[in-house]
Amino acid sequence: MPKRSKVVELLNAQSPIDIIAAKGWVRTRRDSKDFSFIELNDGSCLTNIQVIADSILTNYDAIKTITTGSAISVEGKLVRSPGSGQQWEIQATNIDVIGHAPDSYPLQKKRHSDEFLRTIAHLRPRTNKYGALFRIRSQLSYAIHRFFQERGFWYIHTPIVTGADCEGAGEMFSVTTLDLSNVPKKDSHVDYAHDFFGKEAKLTVSGQLSAEMLALALGEVYTFGPTFRAENSNTSRHISEFWMVEPEMAFYELNDDMDIAEEFVRYLATYAIEECSEDLALFARFVDKTLMNTLENIASNEFIRLPYTEAIGILENSGGSFEFDVAWGKDLQSEHERYLTECHFRRPVIVYDYPKDIKAFYMRLNDDGKTVTAMDVLVPRVGEIVGGSQREERYDVLKARIEEMGLSEQDYWWYLDSRRFGSAPHSGFGLGFERFLMLITGITNIRDVIPFPRTPKHLEF
RNA sequence: UCCCCGGUAGCUCAGCUGGUAGAGCGGGUGGCUGUUAACCACUAGGUCGGCGGUUCGAGUCCGUCCCGGGGAGCCA
């Protein structure tokens with residue numbers, strides 16, 4: 001048997017090939033008078049290859065029982081197709097059924113709702129839409145590495161399991177080997193001294209604090225890995241386990257941070273347009289008609305940069321009626337972010353210099369004493385896609401902020417240490433990969449851009 | 001967690017003011033055909049999400065629970 005070719009290679013052939021082999025899953029089969037048409041897909045690209053199974057094949061009776069979803073192996077020659085609609089097709093000389101799919105196979109040759117497909121997440125990668133999505137997901141993962149590697153960033157790995165209360169960014173999942181039906185206690189509290197690590201352990205909500213330590217040694221670094229939030233959030237934009245990209249750069253101030261964040265987002269949009277065109281076209285056609293305009297807009301326009309105080313002014317003078325009041329000192333609500341990026345500017349907006357009371361302790365305090373060097377990149381439809389800041393590098397100021405926020409200085413001893421020994425200005429940001437995929441594909445529910453989503457009360461598959 | 005909407009055939013849905021259920025696709029059978037979401041004919045398939053209530057009678061009205069979706073908060 002000849003070496004198996006990928007369908008994408010066959011479709012891109014320059015000339016006929018006498019002997020080829022292909023394997024994949026049947027999308028549909030149609031009978032003609034003396035032969036059968038089989039649409040074969042192996043995941044290597046969106047397009048199927050058409051296989052002609054002539055009735056003279058010795059197992060033609062078996063071939064006629066091939067159903068949608070079956071796995072088959074095909075040998076034959078690659079020929080120019082006499083039919084319209086495809087350039088190449090396989091004239092089969094032998095077809096074997098590797099795995100039959102009975103007619104209870106849930107995927108049909110028709111559009112299914114995303115809600116239904118979510119209930120069969122183990123099979124939905126076999127649809128055109130989800131196949132395309134997961135290929136784009138892979139390509140953009142690669143593009144993320146390429147962007148940073150091209151710029152001399154080092155890829156680092158920060159812990160998944162982390163000590164308690166050291167990050168303060170939402171609810172965390174506990175990690176324990178304690179017998180939950182017989183928890184050791186001391187003064188009516190759980191005694192973590194008996195737990196695996198001898199102290200309370202959690203799943204990470206961010207690798208940032210660790211990444212800062214590496215940035216203050218390697219210069220420019222980034223993480224790209226799983227992140228966990230135990231928030232009881234039930235929305236189309238939240239999942240409990242997601243992937244986040246977190247670059248961290250020494251000697252970068254806030255403007256440098258905004259520069260690299262903008263360059264990064266535009267690089268990825270450009271990459272998607274150029275390298276994922278076939279799969280992207282599916283989303284532009286069936287999911288969001290305005291998708292290509294949105295992507296071109298991101299790729300080719302400079303982002304608006306807007307201090308928080310000016311953003312508040314725009315919102316106050318907008319004349320728009322918002323459900324939530326706009327006032328200096330309050331965080332921007334989803335509706336406010338969307339107004340800025342979708343209505344007022346109609347392009348991505350970076351809002352920066354937020355009031356210190358609504359932002360994290362590690363953000364650098366500005367000279368006005370009221371704001372910190374936070375910056376959020378807001379994009380149409382998805383809202384906040386990047387959140388970042390210049391970090392507080394001054395030991396005394398950072399220590400005061402930790403105390404002010406009621407955090408424990410001891411928990412942060414190593415973080416503070418980095419400000420005692422050769423401290424330097426540095427900055428970073430985080431980008432939620434799934435939210436970014438929503439932006440790129442137009443998919444509106446975050447559960448549909450990750451293979452097996454984890455959300456409250458859902459741990460199937 | 002809060003607010004709103006929904007749950008009818010394998011899938012997508014229709015079913016007006018209460019009178020015991022329909023279509024398209026999919027499946028099966030037959031026909032036709034270098035077809036391509038193929039086409040034509042026939043056919044099978046549903047205790048209308050669960051429980052309780054109102055009524056002579058409930059898919060339809062009421063209560064409650066479960067599940068799904070949208071929005072909000074939290075955030076990425």
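Numbered from 1 within each chain, the chains take letters A, B, ... in sequence-line order. From a predicted model like this one, the values you see are computed outputs, not experimental measurements.
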Whole-Å gap separating C1' (B/C75) and CD (A/Gln333): 12 Å

Spacing of A/Glu171 atom CD relative to B/G73 atom P, expressed in whole Å: 18 Å

Most 5' of A/His112 and A/Pro82 on RNA chain B, judged by nearest nucleotide: A/His112

Spacing of the C1' atoms in B/G31 and B/A38 (rounded, Å): 14 Å

A/Met438 CE to B/G70 P, straight-line distance once rounded to whole Å: 9 Å

Residue-phosphate contact under 4.0 Å: A/Ser233 side-chain N/O, B/C75 OP1/OP2: no

Short side-chain donor-acceptor distance under 3.5 Å, A/Lys202 and A/Ser174: yes

Sugar-phosphate, base or nothing in reach of A/Arg338, heavy atoms under 4.0 Å: sugar-phosphate

Distance, rounded to the nearest Å, where A/Ile239 contributes CD1 and B/A76 contributes C1': 9 Å

Any side-chain donor near an acceptor of the partner, A/Ser55 and A/Asp34, under 3.5 Å: no

Each stem that RNA chain B is part of, given as range with range (3 or more consecutive Watson-Crick or G-U pairs, under 3.5 Å): B:1-7 with B:66-72, B:10-13 with B:22-25, B:27-31 with B:39-43, B:49-53 with B:61-65

Sugar-phosphate, base or nothing in reach of A/Glu246, heavy atoms under 4.0 Å: nothing

Touch class at under 4.0 angstrom, heavy-atom based, for A/Thr235 against every strand present: base

A/Arg435 vs B/A76: side-chain N/O to OP1/OP2 distance below 4.0 Å: no

Taking only distance into account, with no hydrogens and no angle test, what donor-acceptor pairs under 3.5 Å do side-chain atoms of residues 427-440 of chain A form with protein atoms, sequence neighbours excluded?
| unit_1 | atom_1 | unit_2 | atom_2 | d |
| --- | --- | --- | --- | --- |
| A/Ser427 | OG | A/Tyr252 | O | 2.6 |
| A/Glu434 | OE1 | A/Trp243 | N | 3.0 |
| A/Glu434 | OE2 | A/Arg137 | NH1 | 3.0 |
| A/Glu434 | OE2 | A/Arg137 | NH2 | 2.8 |
| A/Arg435 | NE | A/Arg237 | O | 3.2 |
| A/Arg435 | NH2 | A/Arg237 | O | 3.0 |

Ring pair (Phe, Tyr, Trp, His ring centres under 6.0 Å) partners of residues 18-59 of chain A, not counting sequence neighbours, each pair once: A/Phe35-A/Phe37

Separation of the P atoms in B/C11 and B/G71, to the nearest angstrom: 24 Å

Neighbours of RNA chain B within residues 444-461 of chain A, by heavy-atom distance under 4.0 Å: A/Asn445, A/Ile446, A/Arg447, A/His458

Gap between atoms CZ and C1', on A/Arg118 and B/C11 respectively (whole Å): 16 Å

Inter-nucleotide P distance (B/G45, B/G22), Å rounded: 14 Å

What are the atom names and distances for every N/O pair under 3.5 Å that joins the protein to nucleotides 3-8 of chain B?
none

Side-chain donor/acceptor contact of A/Arg229 with base of B/A76 under 3.5 Å: yes

side-chain N/O A/Ser334 vs B/G73 OP1/OP2, d < 4.0 Å: yes

Listed partners of A/Asp357 passing salt bridge (charged side-chain N to carboxylate O under 4.0 Å, His left out), at least two apart: none

Centroid-centroid distance, A/Phe148 to A/Trp154, less than 6.0 Å: no

Inter-nucleotide P distance (B/C3, B/U20), Å rounded: 37 Å

Euclidean distance for P, B/C42 against B/G18 (whole angstrom): 36 Å

Integer angstrom distance from the P of B/G10 to that of B/G52: 24 Å

Residue whose closest nucleotide on RNA chain B lies nearer the 5' end, A/Ser81 versus A/Asp331: A/Ser81

Interatomic distance where CH2 belongs to A/Trp88 and C1' belongs to B/U35 [whole Å]: 20 Å

C1'-based separation of B/U35 from B/A76 [nearest Å]: 48 Å

Test log, rule side-chain contact (heavy atoms from CB on, under 4.5 Å), inputs A/Tyr362 and A/Ser389: CA-CA 9 Å; A/Tyr362 51 74; A/Ser389 68; 4.0 Å; yes

Of all pairs that satisfy side-chain hydrogen bond (donor to acceptor under 3.5 Å, both in side chains), the ones with a partner from residues 256-265 of chain A, not counting sequence neighbours: A/Arg151-A/Glu263, A/Asp259-A/Arg305, A/Glu262-A/Arg266, A/Glu262-A/Arg305

A/Asn234 CG - B/G70 C1' separation (whole Å): 12 Å

B/C13 to B/C56 separation - C1' atoms, rounded to the nearest Å: 33 Å

Sugar-phosphate only, base, or nothing, as touched by A/Phe242 at under 4.0 Å among non-hydrogen atoms: base

Rounded distance in Å - CD (A/Glu434) to P (B/C75): 19 Å

Qualifying residues under ring pair (Phe, Tyr, Trp, His ring centres under 6.0 Å), relative to A/Tyr155, sequence neighbours excluded: A/His145, A/His157, A/Tyr222

Chi angles and distances behind the side chain to side chain donor-acceptor pair (under 3.5 Å) call for A/Gln390, A/Thr373: CA-CA 6 Å; A/Gln390 182 174 340; A/Thr373 53; 4.8 Å; no

Base versus backbone protein contacts along nucleotides 24-33 of chain B [heavy-atom cut-off under 4.0 Å; B, S, -]: BSSS-----B

Side-chain N or O of A/Arg29 closer than 4.0 Å to phosphate OP1/OP2 of B/A38: no

Nucleotide nearest A/Met244 (side chain, heavy atoms from C-beta), chosen from B/C74, B/G34, B/A76: B/A76

A/Gln91 side chain, from C-beta outward: closest of B/U1, B/G34, B/G71: B/G34

A/Val386 vs A/Met375 side-chain heavy atoms within contact, under 4.5 Å: yes

Pair listing, salt bridge (charged side-chain N to carboxylate O under 4.0 Å, His left out) test, anchored in residues 64-83 of chain A, at least two apart: none

Side-chain donor-acceptor pair present, A/Glu337, A/Gln333, cut-off under 3.5 Å: no

A/His458-A/Thr455 side chain donor-acceptor pair, cut-off 3.5 Å: no

Pairing residues for A/Tyr354 by the side chain to side chain donor-acceptor pair (under 3.5 Å) criterion, not counting sequence neighbours: A/Asp376

Ring pair (Phe, Tyr, Trp, His ring centres under 6.0 Å) between A/Phe147 and A/Tyr271, worked out: CA-CA 10 Å; A/Phe147 175 85; A/Tyr271 189 94; over 10 Å; no

Expected list for residues 5-20 of chain A: side-chain donor-acceptor pairs under 3.5 angstrom, two or more places apart:
| unit_1 | atom_1 | unit_2 | atom_2 | d |
| --- | --- | --- | --- | --- |
| A/Glu9 | OE1 | A/Lys6 | N | 3.3 |
| A/Asn12 | ND2 | A/Val8 | O | 3.0 |
| A/Gln14 | NE2 | A/Asn12 | O | 3.2 |

